[in-house]
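A quick write-up on the structure given underneath.
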Amino acid sequence: LFILCKEITGMKILIIEDEQGLKESIEEYFSESGNVCESVSNYQDAMGRVNLYRYDCIILDITLPGGSGLEILKNLKQRNYNDGVLIISAKNSLDDRLEGLDLGADDYLVKPFHLSELRARVSAIIRRKTFNGNNLLQFNELSIDLQAKTAKVNNNPVKLTRKEYALLLYFIANKGKVVSKNAIAEHLWGDGIDMANNFDFIYSHIKNLRKKMLEAGSQDYIQASYGMGYKFTDQ
Amino acid sequence: MKLLDRYNRVTLVTTIVVMLITGLVYYEAIRLILINDVNKDLEVEENEVVEYAKQNNRLPQVFESNDQQITFYEAAPGSVHRHFVDTVYKLTPDESHRRHHHHGVRYEEGRGLITSASAGNRYYMVLIVKSTVEAEDLVKIIFIITIAVILLLLLTLFITNRLALNRLWQPFHNLLGELRIFSIADNKNIPELSTTIDEFKELNLAVISMSSRVKNDYKDLKTFTENASHELLTPIAVINSKLDSLLQTDGFSQQQSKLLNDLYSAVSRLTRLNQSLLLLVKIENRLVEDNREINLKTAIEELLIQFEEIFHDKGLTVDFELEDKMVNASPYLIDILLNNLLSNAIRHNHKAGKISIRLDGEKLVVQNTGEAAPLQPDMIFKRFHKASGSEGSGLGLTISKQICENLGFKLEYSFESGHHTFTVNF
């Protein structure tokens with residue numbers, strides 16, 4: 001018996017980031033109907049906020065004016081608050097990463113990152129937290145079993161490769177947004193892949209995914225967007 | 001040539017020359033003294049003969065005496081010029097027998113005095129000859145002993161020099177060893193030598209202060225690189241996020257989207273460059289220390305799966321032969337190393353080219369087709385050296401080489417019949 005899960009909307013997110021430009025972009029990217037997005041830019045405000053309110057996910061910068069983001073994380077864990085925490089840091093130091101994860105952060109993202117990547121990571125954290133092992137993600141006629149890593153369209157199984165599956169998940173997390181080819185390449189092949197100006201292989205990948213879904217009876221959700229990227233949308 | 005050899009050679013030549021000269025002078029001096037002695041003996045004899053002849057008006061009777069022979073010849077008055085001569089001494093049979101156990105006539109070196117004596121009304125030339133053979137023998141013995149002593153001295157000096165100098169120079173060799181393994185990047189300093197020799201102490205101190213100065217400068221430089229790269233991260237992050245936000249707005253013209261694409265590419269390159277710089281500093285400082293046992297075979301297989309679509313897209317044929325190979329290293333760095341080597345093999349390949357990967361217990365070989373000309377092996381590992389038209393950061397191989405060095409591996413490039421080969425020797 002499948003437990004049907006709603007798609008992820010209505011996220012409550014706190015952004016703790018002192019860089020104004022970055023904070024605004026993140027806020028804008030996450031604010032849409034149904035989402036609550038708050039932001040603070042220093043240690044004291046952040047402490048006050050996390051001790052008062054609960055969030056689905058906290059996007060946490062480590063270097064903050066007034067203190068370290070790691071202290072905020074420690075405080076959360078001490079108080080047994082179960083908010084998801086995603087650390088974003090310019091410190092691409094392995095120690096920092098390990099310390100953050102040791103302290104109970106759910107994920108770690110190094111600056112600079114694509115907003116779509118951030119969004120995908122936050123969605124993954126919230127999915128893990130909210131659905132407590134009920135691993136079914138629903139989007140219109142699409143249903144995705146996160147445990148088995150399989151997808152179905154109206155109960156018709158779609159046979160996807162590992163990368164196609166990851167791509168679909170990435171699109172759903174960023175539905176309604178234009179995702180750049182750069183972001184897709186880095187998400188699927190890691191940032192070690194340095195194939196600048198050569199994203200043909202992404203095109204063929206997306207073509208395959210789209211074809212498989214259409215053949216299984218899905219609507220056409222994937223749109224090319226000005227040659228810069230792709231948009232997954234039902235509108 | 002070693003200093004010791006050079007030094008020995010100089011000493012040897014000087015000693016031999018000086019020794020030869022001294023020997024000759026010595027020999028001459030002793031000979032002169034002895035000849036002088038013989039001359040005096042001869043004069044004494046002359047005196048006796050002349051006195052005897054004067055008093056007795058006849059020549060003395062000559063006895064065969066030890067090593068001395070006197071002969072008289074009648075001569076015209078006043079015709080004899082008195083002088084000493086080097087001559088031979090004819091041994092009497094008796095002497096010959098005594099000295100040489102030999103019968104018959106034998107000659108020895110001798111010294112003679114030709115002088116004159118008058119007896120009665122007759123004028124005589126007197127030849128007094130003394131054997132100088134004993135004197136000569138004496139000279140020879142003294143000479144030989146002297147030479148022997150000098151040779152012995154020389155030999156002793158030579159051996160002591162060799163032993164003592166080797167030991168004396170030990171601090172120098174130690175210091176040289178330290179300098180040889182000196183690395184600007186590690187934290188090991190040149191140790192203070194235990195020596196009492198002032199010159200070596202000074203050298204040691206100079207080297208220590210130089211190395212620490214160099215290390216400090218290098219550290220400052222690295223800190224600067226690190227800080228600069230670090231400070232760049234935030235603005236790059238802002239640009240990146242703003243681009244992502246811009247992408248969400250509608251209604252781009254074709255020209256605008258082209259511009260935006262170019263911006264994305266540039267920012268992406270900037271990001272990678274920056275990350276590479278930071279990574280390089282970190283590896284050089286050996287700050288990545290999450291070492292554990294890794295099977296390279298598994299790591300490569302995972303990477304091959306990861307790159308599958310790209311191989312396919314470029315029409316590349318990949319063949320590989322992998323054996324299990326465990327290394328104790330940071331998985332993060334191994335991932336970067338393998339990723340770099342494989343990315344290069346893809347990026348610098350041509351359509352429908354070939355990549356071959358071999359892994360065994362001793363080495364990892366990544367080989368690819370590509371440009372027909374070999375790369376410059378001494379240039380490619382340098383920072384920011386890249387092939388024309390390459391979109392890479394120019395740091396990939398520098399990073400790879402540094403990772404290999406940290407792990408005690410050796411990364412080498414070779415080119416053979418159209419195949420570029422990178423080999424990691426474990």
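Numbers restart at 1 for each chain; the letters A, B, ... are given by sequence-line order, proteins then strands. Just so it is clear, the model here is predicted, and its values are computed rather than measured.
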Pick one of side chain, backbone, both or neither for A:Lys23, based on which atoms fall under 4.5 Å of a heavy atom in chain B. neither
Does any heavy atom of chain A fall under 4.5 Å from the side chain of B:Ile305, the backbone, both, or neither of them? both
Side-chain contact, heavy-atom cut-off 4.5 Å: A:Arg210 with A:Tyr221? no
Heavy-atom pairs under 4.5 Å with chain B, option from A:Lys177, A:Gln20, A:Glu28 with the top count: A:Lys177
Got a salt bridge between B:Lys401 and B:Glu412, using NZ or NE/NH1/NH2 to carboxylate O under 4.0 Å? no
Where do B:Lys258 and B:Asp262 land on the salt bridge (Lys or Arg N to Asp or Glu O under 4.0 Å) test, with the steps shown first? CA-CA 6 Å; B:Lys258 164 96 177 47; B:Asp262 292 348; 2.9 Å; yes
If you tally heavy-atom pairs under 4.5 Å between each of B:His312, B:Gln256, B:Gln306 and chain A, the highest tally belongs to B:Gln306
Assess, by modelled atom type and distance only, whether the side chains of A:Arg119 and A:Ser123 contain a donor and an acceptor separated by less than 3.5 Å. no
Is the number of heavy atoms from other residues, nucleotides or ligands within 6.0 Å of CD (B:Glu293) greater than 12? yes
Whatever's closer than 4.5 Å to a heavy atom in chain B on A:Leu188 counts as backbone
When heavy-atom pairs shorter than 4.5 Å are enumerated against chain A, which of B:Asn240, B:Val238, B:Asp335 gives the highest number? B:Asn240
Do B:Asn406 and B:Gln402 get their side chains close enough for a donor-acceptor pair, meaning under 3.5 Å? yes
Proximity breakdown for A:Tyr29 and chain B, heavy-atom pairs closer than 4.5 Å: side chain
Answer with side chain, backbone, both or neither: which region of B:Asn274 has an atom nearer than 4.5 Å to a non-hydrogen atom of chain A? neither
